[in-house]
Amino acid sequence: MYFIKKNNEEKKNNLVDDFQNFFMDSFFSNKALKTDIIETENSYVLKVDLPGVDKKAVTLDFNNQYLTLSVNQEEDKEEKEQHFIRKERSRFSYSRSYYLDKADETKIKAKLDNGILTITIGKSEEEIKKSITID
């Protein structure tokens, strides 16, 4: 139920706000690749929700302390004999990057099980420091 105030300007602002909130909440929010990140003494553990995604559609890249997760799910092969009343499943792609300080690229393991991708990344033993000499 909406309460509309008598002032037209206030009514206009409320309608604009409602319109923007609808689209921001529905379409532009980052509901894909929801992630829990756990830091332990020796590693990072990322748990990413990927329901219905085949592991062949997942790519992990690590560069300059950034782990980039990309998902490119192709549409299932279409059966020509089937008559679809509605078809809502299609191809999609998502990508998300995570900055992980002290992560060691040689200690990365990933496992996709029951729609949850678990990525474990060991931490580097030595702290990576970059010193800049001032001329």
Check your understanding: Looking at OG of Ser124 and CG of Leu100, how far apart are the two atoms once the value is rounded to the nearest 0.5 Å?
Key ->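 Nearest 0.5 Å value for the OG-CG distance: 13.0 Å.
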Check your understanding: Rounded to the nearest 0.5 Å, what separation is found between the CG atom of Leu67 and the CD1 atom of Ile119?
Key ->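 The CG atom of Leu67 sits 5.0 Å away from the CD1 atom of Ile119.
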Point to revise | Residues forming a salt bridge (charged side-chain N to carboxylate O under 4.0 Å, His left out) with Lys47, sequence neighbours excluded | key: none
Review point. So, the side chain of Asn64 versus the backbone of Tyr66: is there a donor-acceptor pair under 3.5 Å, distance only?
Key: no
Point to revise | Donor-acceptor contact present, side-chain Lys55 to main-chain Leu117, <3.5 Å | key: no
So do the side chains of [X] and [Y] get within less than 4.5 Å of each other, counting heavy atoms only?
X: Thr120; Y: Ile108; value: no
X: Thr35; Y: Leu69; value: no
X: Tyr44; Y: Asp101; value: yes
X: Asp61; Y: Thr59; value: yes
X: Val48; Y: Tyr94; value: no

**Study point:** Thr40 and Asn42 side chains, donor-acceptor separation under 3.5 Å
**Key:** no
Compare every heavy atom of [Y] with every heavy atom of [X], then report the nearest pair and how far apart it is.
X: Arg96; Y: Lys34; result: NH1-CA, 4.3 Å
X: Ser70; Y: Ser95; result: OG-OG, 3.5 Å
X: Glu41; Y: Lys123; result: O-CD, 3.7 Å

Check your understanding: With hydrophobic residues grouped by side-chain heavy-atom distances under 4.5 Å, do Leu60 and Val45 end up in a single group?
Key ->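 Unlinked, Leu60 and Val45 end up in two clusters.
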**Study point:** Stepwise side chain to side chain contact (heavy atoms under 4.5 Å, CB included) test for Asp113 and Thr118
**Key:** CA-CA 8 Å; Asp113 188 34; Thr118 303; over 6 Å; no
Point to revise | Criterion side chain to side chain contact (heavy atoms under 4.5 Å, CB included) on Asp49 and Ile116, from CA distance to verdict | key: CA-CA 5 Å; Asp49 287 345; Ile116 299 175; 4.1 Å; yes
